[in-house]
Participant: 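The structure is given below, and queries will be raised subsequently.
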Amino acid sequence: MAFQSPKGTFDWLPPRSERALRVREAVSAPARRAGYGYIETPTFEDTALFARGVGESTDIVSKEMYTFDDKGGRSITLRPEGTAPVVRAVLQHGLHNGRLPVKLWYSGNNFRYERAQRGRYRHFSQVGIEALGADDPALDAEVILLAAEGYAALGLTGVTLLLNTLGCKECRPAYRAALQGFLAGLDLDEPTRRRAEINPLRVLDDGRPELQARLAAAPLVTDHLCETCKAYHEEVRSLLSALGVAYTDDPRLVRGLDYYMRTTFEFVHDRLGSQSAVGGGGRYDGLSEMIGGPPLPGVGWAIGVDRTVLAMEAEGLFGGEDPAGGVPVQVYGVPLGEEARRRMFRLLAEIRAAGLVADMAFGGKGLKGAMKGADRSGARFALILGERDLAAQAVQVKDLSTAEQTEVPLAQVVHVLKGKIQ
RNA sequence: GUGGGCGUAGCUCAGUUGGCAGAGCGCCAGGUUGUGGUCCUGGAUGUCGUGGGUUCAAGUCCCAUCGCUCACCCCA
């Protein structure tokens, strides 16, 4: 084998690739119905955008970015996440100077240099939404609702919404100090100690059970919120409850990106191997300023397309797909000889123009091989066209499920097929 | 970055104490030169991941390396 996909990457192949398309479609549909416009940003950005936006202390920036110098000597990074680029684009084009909030959705690939395992690869696709320019708990609730609707539309029942707030720049410093004080009393390993200094909140997110046990008595954000944050969070919670969106309060949910404040949430699924998150997001009111823009509040999420497919597979939500992938073929052409092949090619275009899904035998197979192709295509009808039929200006229409075959004039075949297939 | 498991046909995998490279499925051809599926008959396909070592002899043992995979960590 000459080449294979780069380490830690994979290919989506038919028919399974249809599942990824279906997830993208279902997860973006609610946002489109809620006034979110589509945005595409470059697959790569100035490295500094992520370094400053996502945060130097995060794992993403400190060890997982695909960074290189381009031929002009610029430091470029393949995007590891979608929010910072969207905020950059909004600021660059002044979208925040118009009607607020700016509501956008996107769909694309992200890249992180990680050790691959089930549900975690060096490239992964996300669908995401961002709403900028409004500091309103109803917007947080809307954003969360749109994700929940997407999962529900796919039939997922094993997705749990974890909800938390991280406070704001008023109340977080006091909490941070309290937490740091607590962590200083623990005997921590070196990397964790360093994290406790730079971003102590992220220590709470550590997955190791032995550490979690020692964190049992750690101070929680929810006990240190200022009145504004407390009221904001209560409003988000009550709006979600009013909508019937089920959630679990998780005061230790922090998430790995530094720009989050106030509302954070994560959608988790319990059958993804060692991964759990299928989507997540939160409010990032300081991000715009971190990357040199004006104060601009924002809230959004990203849903992992690949992991959502895995979750659906774990729940057995797929089946009955077209074996070749794509839309199931309804009519299959079997031409005999060169002249018939030309005529069949034209006929195929007419059939497709009439709204039917049609394919034909390519590659000069004999009749037997072409019929085999018809069978494997899954088509209900085969159209057999040879010298004799051409002379009679007719085509043989064979119902492959009953083996019943009738001769139909060429001029009427599209009409007849439409009638049979409706 | 750390640790475990695994690399044999297109796919799933056997391969015994080291002794001729295998099966099922799939694919191709024929049975049927204008008719698919089922059936019957035949056929093709291998850098045994790669490189080195031990040995009369290595898919099998040893070393290295690459890849896959699972887990840690982190997250989508």
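Below, chains carry the letters A, B, ... as their sequence lines are ordered, and counting in each starts from 1.
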Participant: Nearest whole angstrom, please: distance from the C1' of B/G36 to the CG of A/Asp359.
Facilitator: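 The distance from CG of A/Asp359 to C1' of B/G36 comes to 15 Å, rounded to the nearest Å.
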
Participant: Is there a Watson-Crick or G-U wobble partner for B/U2 with both distances under 3.5 Å, and which nucleotide is it?
Facilitator: B/A71

Participant: Ignoring backbone atoms, establish whether A/Arg202 has a side-chain N or O less than 4.0 Å from OP1 or OP2 of B/C75.
Facilitator: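 A/Arg202 to B/C75 OP1/OP2: side-chain N or O found under 4.0 Å.
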
Participant: Looking at the base of B/G34, is there any donor atom on it, or on the side chain of A/Arg388, that sits under 3.5 Å from an acceptor on the other one?
Facilitator: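 In this structure, the two groups form a donor-acceptor pair.
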
Participant: Report yes or no: is the cationic atom of A/Arg112 (NZ for Lys, CZ for Arg) under 6.0 Å from the centre of the six-membered ring of A/Phe124, at an angle within 45° of the ring normal?
Facilitator: no

Participant: Below 4.0 angstrom from OP1 or OP2 of B/A76, is there any side-chain N or O of A/Gln126?
Facilitator: no

Participant: Among the candidates B/G67, B/A76, B/C28, find the nucleotide nearest to the side-chain atoms of A/Arg376.
Facilitator: B/C28

Participant: With P as the reference atom in both, quote the distance from B/U60 to B/C72 in angstrom, rounded to an integer.
Facilitator: 33 Å

Participant: Categorize A/Gly373 for me: base, sugar-phosphate, or nothing, with a 4.0 angstrom heavy-atom threshold over every strand shown.
Facilitator: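 Nothing: the residue A/Gly373, judged by heavy atoms under 4.0 Å, touches no strand.
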
Participant: RNA chain B: A/Leu390 or A/Lys63, which has the more 5' nearest nucleotide?
Facilitator: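 Nearer the 5' end of the strand: A/Leu390.
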
Participant: Side chain of A/Lys372, heavy atoms from C-beta onward: which of B/G37, B/C75, B/U35 has the nearest atom to it?
Facilitator: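 Of all the options, the side chain of A/Lys372 is nearest to B/G37.
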
Participant: Which base, if any, makes a Watson-Crick or G-U wobble pair with B/A21, both distances under 3.5 Å?
Facilitator: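 B/A21 is unpaired by these criteria.
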
Participant: For atom C1', what is the distance between B/G46 and B/G59, given to the nearest Å?
Facilitator: 11 Å

Participant: Measure CD/A/Glu407 against P/B/G34 and give the value in whole Å, please.
Facilitator: 17 Å

Participant: Could you measure between the two C1' atoms, the one in B/U35 and the one in B/A23, and give it in whole Å?
Facilitator: 33 Å

Participant: Select one nucleotide: of B/U69, B/G34, B/G37, the one nearest the side-chain heavy atoms of A/Leu336.
Facilitator: B/G34

Participant: Show, in sequence, the C-alpha distance, side-chain angles and deciding distance for A/Arg122 and A/Thr9, and conclude whether the side-chain hydrogen bond (donor to acceptor under 3.5 Å, both in side chains) test is met.
Facilitator: CA-CA 6 Å; A/Arg122 291 185 174 181; A/Thr9 66; over 6 Å; no

Participant: Give me the ring orientation class for A/Tyr260 and A/Tyr284: parallel if the planes are under 30° apart, tilted from 30 to 60°, perpendicular past 60°.
Facilitator: perpendicular

Participant: Between A/Arg262 and A/Tyr232, is NZ or CZ placed under 6.0 angstrom from the six-membered ring centre and within 45° of the ring axis?
Facilitator: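 The answer is yes, since A/Arg262 meets both limits relative to A/Tyr232.
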
Participant: As a test of reading the structure: which of B/G67, B/U69, B/G34 is closest to the side chain of A/Ile384, going by heavy atoms?
Facilitator: B/G34

Participant: For A/Glu114 and B/A71, what is the distance between atoms CD and C1' respectively, to the nearest whole Å?
Facilitator: 14 Å

Participant: Got a donor-acceptor pair under 3.5 Å from the side chain of A/Gln405 to the base of B/U35?
Facilitator: yes

Participant: Indicate whether OP1 or OP2 belonging to B/A71 is found under 4.0 Å from a side-chain N or O atom of A/Arg115.
Facilitator: no

Participant: Determine which nucleotide pairs with B/U54, using a 3.5 Å limit on both distances of a Watson-Crick or G-U wobble pair.
Facilitator: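 Answer to the pairing question: none, since B/U54 forms no Watson-Crick or G-U pair.
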
Participant: Which nucleotide, in any strand shown, forms a Watson-Crick or G-U wobble pair with B/U65, with both distances under 3.5 Å?
Facilitator: B/G49

Participant: Within the 4.0 Å heavy-atom criterion, would you say A/Arg255 contacts the bases, only the backbone, or no part of the nucleic acid?
Facilitator: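 Sugar-phosphate only.
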
Participant: Round to a whole Å and report the spacing from CZ of A/Arg193 to P of B/C73.
Facilitator: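 Distance, rounded to whole Å: 19 Å.
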
Participant: Nearest 0.5 angstrom please: A/Tyr151 OH to A/Leu156 CG, how far?
Facilitator: 8.0 Å

Participant: Is the ring pair A/Tyr113/A/Tyr66 parallel, tilted or perpendicular, if the boundaries are 30 and 60 degrees?
Facilitator: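 Correct class here is perpendicular.
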
Participant: Quick one: pull up CG in A/Leu78 and CG in A/Asn109 and give me the separation to the nearest 0.5 Å.
Facilitator: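 If I round to the nearest 0.5 Å, the distance is 10.5 Å.
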
Participant: Starting from P on B/C70, measure out to CG on A/Leu272 and report it in whole angstrom.
Facilitator: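 Between P of B/C70 and CG of A/Leu272: 12 Å.
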
Participant: Looking for any heavy atom pair under 4.0 Å, which part of the strands does A/Tyr113 touch: base, sugar-phosphate only, or nothing?
Facilitator: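 Counting heavy atoms under 4.0 Å across all strands, no contact is made by A/Tyr113.
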
Participant: Expressed in whole Å, how much space separates the P atoms belonging to B/C13 and B/C73?
Facilitator: 29 Å

Participant: Using heavy atoms to find the nearest nucleotide of RNA chain B for A/Glu404 and A/His123 separately, return the residue whose nucleotide is more 5′.
Facilitator: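 Result: A/Glu404.
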
Participant: Mind checking the CG-CG spacing from A/Leu336 to A/Asp389? Nearest 0.5 Å is all I need.
Facilitator: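 Reported value, rounded in 0.5 Å steps: 8.0 Å.
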
Participant: Would you mind telling me which of B/C74, B/A76, B/C28 lies closest to the side-chain atoms of A/Arg112?
Facilitator: B/A76

Participant: Name the nucleic acid region contacted by A/Asp306, choosing base, sugar-phosphate or nothing; use a 4.0 angstrom heavy-atom cut-off, strictly under.
Facilitator: nothing

Participant: B/A76 C1' sits how many Å from A/Phe10 CZ, rounded?
Facilitator: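 Spelled out: CZ on A/Phe10 to C1' on B/A76 is 11 Å.
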
Participant: When all nucleic acid strands are considered with a 4.0 Å heavy-atom cut-off, which category describes A/Gly281: base, sugar-phosphate, or nothing?
Facilitator: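 It contacts nothing in the nucleic acid.
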
Participant: Could you state the atom-to-atom distance from CG of A/Asp59 to P of B/A76 in whole Å?
Facilitator: 11 Å

Participant: Between B/G36 and A/Asp375, counting only base atoms on the nucleotide and side-chain atoms on the residue, is there a donor-acceptor pair under 3.5 Å?
Facilitator: yes

Participant: Any donor-acceptor pair, under 3.5 Å, between the side chain of A/Gln275 and the base of B/A71, if you only look at N and O atoms?
Facilitator: no

Participant: Considering only the P atoms, how many Å lie between B/A21 and B/A58, rounded to the nearest integer?
Facilitator: 11 Å

Participant: Examine B/G34: is either OP1 or OP2 under 4.0 Å from a nitrogen or oxygen in the side chain of A/Lys368? Give yes or no.
Facilitator: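 Result: no.
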
Participant: When you compare B/U33 with B/U69, how far apart are their P atoms, in angstrom units rounded to a whole number?
Facilitator: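 About 48 Å, rounded to a whole number of Å.
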
Participant: In whole angstroms, how far is the C1' atom of B/C75 from the CG atom of A/Leu162?
Facilitator: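 Result: 13 Å.
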
Participant: Are A/Arg120 and A/Glu114 close enough for a salt bridge, meaning some N to O gap below 4.0 Å?
Facilitator: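 Counted as a salt bridge, because a side-chain N and a carboxylate O are separated by less than 4.0 Å.
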
Participant: Could you work out the separation of B/G53 and B/C70 based on their P atoms and round it to a whole Å?
Facilitator: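 Comparing P positions in B/G53 and B/C70 gives a spacing of 35 Å.
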
Participant: Could you tell me whether the phosphate oxygens of B/C75, OP1 or OP2, come under 4.0 Å of any side-chain nitrogen or oxygen in A/Arg118?
Facilitator: no

Participant: Please work out if A/Gly279 contacts a base, only the sugar-phosphate, or nothing of the nucleic acid, heavy-atom cut-off 4.0 Å.
Facilitator: sugar-phosphate

Participant: Hunt down the Watson-Crick or G-U wobble partner of B/G43, both distances under 3.5 Å, from any strand shown, or write none.
Facilitator: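 B/G43 is paired with B/C27.
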
Participant: Side chain of A/Lys7, heavy atoms from C-beta onward: which of B/A76, B/G34, B/C68 has the nearest atom to it?
Facilitator: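 When the side chain of A/Lys7 is considered, B/C68 is the closest of B/A76, B/G34, B/C68.
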
Participant: Quote, to the nearest angstrom, the P distance that separates B/U38 from B/G34.
Facilitator: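 Result for the P pair: 23 Å, nearest Å.
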
Participant: Counting any heavy atom closer than 4.0 Å, what does A/Ala370 reach on the DNA or RNA strands: base, sugar-phosphate only, or nothing?
Facilitator: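 The answer is nothing, as A/Ala370 stays clear of every strand by at least 4.0 Å.
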
Participant: Using the side-chain heavy atoms of A/Ser276, tell me which of these nucleotides is nearest: B/G36, B/C75, B/U69.
Facilitator: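 Minimum distance to the A/Ser276 side chain belongs to B/C75.
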
